[in-house]
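Before any comments, here is the structure.
Protein chains get the first letters and strands the later ones, always in sequence-line order, with residue 1 at the start of each.
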Number of protein chains: 2
Amino acid sequence: MTPGGRPLAFEPDAALDAAVVTFWRHGYEAAGMAELTQAMNISRPALYRAFGDKAQLFRAALDRYIALNMGYVEDALEKPTSREVAEAFLTGNAKAVTTPGRPPGCLSVQAMVTDEADAFSQLAENRRVIQTRLADRFRRGIQEGDLPSDEDAEELARFMITLTTGFAIRATDGESQDALLALARRSLAIFSAPNSNSPRTEGMTHD
Amino acid sequence: MTPGGRPLAFEPDAALDAAVVTFWRHGYEAAGMAELTQAMNISRPALYRAFGDKAQLFRAALDRYIALNMGYVEDALEKPTSREVAEAFLTGNAKAVTTPGRPPGCLSVQAMVTDEADAFSQLAENRRVIQTRLADRFRRGIQEGDLPSDEDAEELARFMITLTTGFAIRATDGESQDALLALARRSLAIFSAPNSNSPRTEGMTHD
DNA sequence: CTAGTTACGTACCGATCGATACGAAACCTG
DNA sequence: CAGGTTTCGTATCGATCGGTACGTAACTAG
């Protein structure tokens with residue numbers, strides 16, 4: 001059984017890595033099959049046999065991208081305090097989107113601009129999972145007392161995601177890692193000021 | 001002289017508005033000529049006669065988009081204090097990227113994800129102009145004393161642009177206007193905390 | 001009217017898109 | 001070896017891409 005047949009002439013993981021880079025650089029639609037096959041150094045039919053169609057290839061590439069390039073999320077979530085979680089999340093992202101030798105920005109953001117419902121929903125789901133885990137972590141922080149009791153965990157998570165999304169686009173626009181790290185650091189000011197649920201004691205915001 | 005000839009059968013500005021919406025929704029490359037001509041309700045040759053090629057049409061659409069949908073930038077820059085400038089800029093953007101009846105997000109961000117060097121450089125230039133004007137305004141704020149003397153005007157401007165870029169993507173992801181407005185308000189916490197140039201930035205959590 | 005000018009849109013261009021048919025080649029089993 | 005299985009890549013598919021040639025229609029000037 002399992003007679004074997006002709007063996008593969010390429011390393012699937014290595015080819016997938018090349019696909020990751022291509023999608024990372026160009027997004028989903030702008031990454032053509034011609035460029036993908038050239039980057040992966042395999043023929044077009046070989047790509048379809050190994051990975052299915054373009055949407056399935058993207059799915060596989062996204063999974064590998066997350067596994068290889070978004071480890072900072074897990075690391076951040078394990079930090080002892082909410083502030084350290086936020087700091088690790090933001091600085092980890094700032095570094096990930098400006099890593100020398102890799103495309104600037106974030107595959108998940110580059111490919112968000114697409115009509116393809118498949119790719120879009122996968123990316124939105126990935127974002128939502130991270131945002132939920134951050135919110136859960138901040139909720140724990142409220143319970144443990146390292147965040148004010150009237151803090152809005154969802155809003156804080158939304159703030160984090162919004163910042164990292166911005167980091168990704170800024171990186172593709174050529175922003176330096178140092179500049180993004182400085183922004184990450186200063187963004188933590190949100191932990192040192194009254195939140196939106198606090199009563200308007202200090203006359204800081206006047207709508 | 002100038003005998004006239006056959007008159008135009010469509011309103012150029014109305015057609016351009018339709019092009020704006022199409023680029024806004026899909027970005028530069030994903031907006032096909034077929035969809036553009038259908039949205040603009042003119043034939044393909046009519047489009048090329050009136051606007052040149054796709055790149056020129058995009059340029060015209062971008063100019064019109066800026067004129068009609070980015071007025072909040074000018075409004076913000078005229079505010080009396082740096083903090084009010086920032087608040088108006090952020091809230092104005094939050095509203096602009098979630099205006100009912102218009103596509104969510106920002107044309108300038110949607111179209112940033114593209115290989116087309118023409119479109120990309122135009123958008124990058126637009127961003128750079130706004131960022132520079134913000135930085136200039138914040139520099140004035142430092143001179144006038146409404147910002148600390150050790151504040152980094154460039155960094156503050158970078159922070160603003162990064163946030164609004166994030167707002168735009170979050171909007172396309174379905175975030176509500178209220179949620180973005182809350183983020184805009186809370187982002188102003190950066191004005192109430194020591195900046196990165198102050199000695200000993202770390203370890204100042206309130207506890 | 002005729003001549004000149006400009007815009008009209010059908011029909012089409014070559015190039016590229018994602019995706020495949022198909023015969024040859026490389027492996028295993030017996 | 002023969003028979004079965006799997007991958008190989010050339011050559012090609014129809015659809016769509018951005019862009020245009022060209023004959024016709026609508027206007028003005030004389």
- Which atoms form the tightest heavy-atom contact between A/Ala135 and A/Glu154, and what is the distance? CB-OE1, 3.8 Å
- 5'-most contact on DNA chain D: B/Gly5 or B/Ala34, nearest heavy atom basis? B/Ala34
- Query: Using a cut-off of 4.0 Å on non-hydrogen atoms, how would the nucleic acid contact of B/Pro45 be classed: base, sugar-phosphate, or nothing?
  - Reply: base
- Query: Relative to the 5' end of DNA chain D, which residue comes earlier, A/Leu8 or B/Lys54, by the nucleotide with the nearest heavy atom?
  - Reply: A/Leu8
- Which distance, rounded to the nearest 0.5 Å, do you find between the CG of A/Leu62 and the CE of A/Met70? 9.0 Å
- Query: When all nucleic acid strands are considered with a 4.0 Å heavy-atom cut-off, which category describes B/Ala31: base, sugar-phosphate, or nothing?
  - Reply: sugar-phosphate
- Verify whether one side chain among A/Tyr72 and A/Asn93 offers a donor that lies under 3.5 Å from an acceptor in the other. yes
- Query: Can you check the B/Arg44 CZ to C/dC13 C1' distance for me, whole Å?
  - Reply: 12 Å
- When the distance from CD of A/Glu11 to C1' of D/dT7 is rounded to whole Å, what number comes out? 15 Å
- Message: I want to verify a distance call: between D/dT7, C/dA26, D/dG9, whose nearest atom is closest to the A/Ser43 side chain?
- Response: D/dG9
- For C/dA19, does either OP1 or OP2 sit under 4.0 Å from a side-chain N or O belonging to A/Tyr48? yes
- Message: Rounding to an integer number of Å, can you tell me how far B/Met33 CE sits from C/dG14 P?
- Response: 20 Å
- Message: In terms of relative ring orientation, are B/Tyr28 and B/Phe23 parallel, tilted or perpendicular, with 30° and 60° separating the classes?
- Response: parallel
- May I have the distance from B/Leu36 (atom CG) to D/dC17 (atom C1'), rounded to whole angstrom? 12 Å
- Protein-nucleotide distance (A/Asn41, atom CG; D/dT7, atom C1'), rounded to Å: 16 Å
- Message: Determine whether a donor-acceptor pair (N or O, by modelled atom type, separation under 3.5 Å) exists between the side chain of A/Asp146 and the backbone of A/Ser82.
- Response: yes
- Query: Between atom CD in A/Glu29 and atom P in C/dC17, what is the gap in whole Å?
  - Reply: 13 Å
- Return yes if the base of C/dG4 and the side-chain atoms of B/Arg6 contain a donor-acceptor N/O pair under 3.5 Å, otherwise no. no
- Provide, to the nearest angstrom, the distance between the CD atom belonging to B/Glu35 and the P atom belonging to C/dC17. 19 Å
- Message: Output the rounded distance in Å from CZ (A/Arg49) to P (C/dA19).
- Response: 15 Å
